[in-house]
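Let me begin by presenting the structure, written as structure tokens, before commenting on it.
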Amino acid sequence: MKAGCSIGEKPEGGGGYPFPDWAYKTESSPGSRQIQLWHFILELLQKEEFRHVIAWQQGEYGEFVIKDPDEVARLWGRRKCKPQMNYDKLSRALRYYYNKRILHKTKGKRFTYKFNFNKLVMPNYPFLNVRTSGKMQSLFMGN
DNA sequence: GCCGGAAGCG
DNA sequence: CGCTTCCGGC
């Protein structure tokens, strides 16, 4: 029923909001205060209810696998009010992250990408309590 | 499936 | 700018 497509849209699972509101707005540069794709991916990754859809890959820090590409695309499309979203389009957006040095593809592995946390510029992002199993703590020490 | 150019949108 | 859409090519 109706398209509740506004900025106040809540994520699925309604209730536990991982990141505060200020985490979504990029105060400085973008101009848009819309959620970014990598923010959304991280949001899904730190919730157990989405482990069947997307999850951290064991062994490699920052590496994650999209187990259900269609579902991730659907959730992303719902969030951005883009019903026609699919993995083909979503992955194109992900590919643009390669140059931005936010993401990197794990070649050979299907639906597998990796965050470049060690380079991720986040002077404005003191958030990210990303804990897969307490293994990602030393992720942000580099640089 | 994955890549990246190209055009377009807000 | 940050995607979204479309698509030829591998």
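Just so it is clear, the values below take in all heavy atoms, side chains as well, and ignore hydrogens, waters and symmetry mates. Keep in mind that what you see is a predicted model, and the values were worked out from it rather than measured. Every chain is numbered from 1 and lettered A, B, ... according to where its sequence line falls, protein lines coming before strand lines.
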Original post:
Hey, are A:Glu43 and A:Arg79 close enough for a salt bridge, meaning a charged N less than 4.0 Å from a carboxylate O?
Top reply: yes
Original post:
At under 4.0 Å between heavy atoms, what does A:Arg110 touch on the DNA or RNA strands: base, sugar-phosphate, or nothing?
Top reply: sugar-phosphate
Original post:
Could you give the CG-to-P distance, from A:Leu103 to B:dG4, as a whole number of Å?
Top reply: 13 Å
**OP:** Provide, to the nearest angstrom, the distance between the NZ atom belonging to A:Lys100 and the P atom belonging to B:dG4.
**Re:** 15 Å
Original post:
Quick one: A:Leu37 CG to C:dC1 C1', roughly how many Å, whole number?
Top reply: 15 Å
Subject >> Separation of atom CZ in A:Arg101 from atom C1' in C:dG2, rounded to whole Å >> reply: 19 Å
Original post:
Taking atom C1' of B:dC3 as reference, at what distance in whole Å does atom CG of A:Asn99 sit?
Top reply: 11 Å
Subject >> N or O in side chain of A:Lys107 less than 4.0 angstrom from B:dC2 OP1/OP2 >> reply: no
Original post:
Closest to the A:Phe111 side chain: B:dG1, C:dG2, B:dG4?
Top reply: B:dG1
Original post:
Think A:Trp76 has a side-chain N or O under 4.0 angstrom from the OP1 or OP2 of C:dT4?
Top reply: yes
Original post:
Can you tell me if the side-chain N/O atoms of A:Tyr96 get under 4.0 Å from OP1 or OP2 in C:dT4?
Top reply: no
Subject >> Contact under 4.0 Å: A:Gln36 side-chain N or O vs C:dC3 OP1/OP2 >> reply: yes
**OP:** Give the rounded distance in Å between these two atoms: CD of A:Gln34 and P of B:dG10.
**Re:** 12 Å
Original post:
A:Tyr97 OH to B:dC3 P: how many Å, rounded?
Top reply: 15 Å
Original post:
Do you know the tightest heavy-atom contact between A:Trp76 and A:Met85?
Top reply: CD1-CG, 3.8 Å
**OP:** Using whole Å, report how far CD1 of A:Ile66 lies from P of B:dG1.
**Re:** 12 Å
Subject >> Residue-level proximity of residues 86-94 of chain A to DNA chain B when a heavy atom falls under 4.0 Å >> reply: A:Tyr87, A:Arg92
**OP:** Taking only the side-chain nitrogens and oxygens of A:Arg95, find out if one of them lies under 4.0 Å from OP1 or OP2 of B:dG4.
**Re:** no
**OP:** Report yes if at least one side-chain N or O of A:Tyr98 is closer than 4.0 Å to OP1 or OP2 of B:dC3; otherwise report no.
**Re:** yes
Subject >> Closest to the A:Lys105 side chain, choosing from C:dC3, B:dC3, C:dT5 >> reply: B:dC3
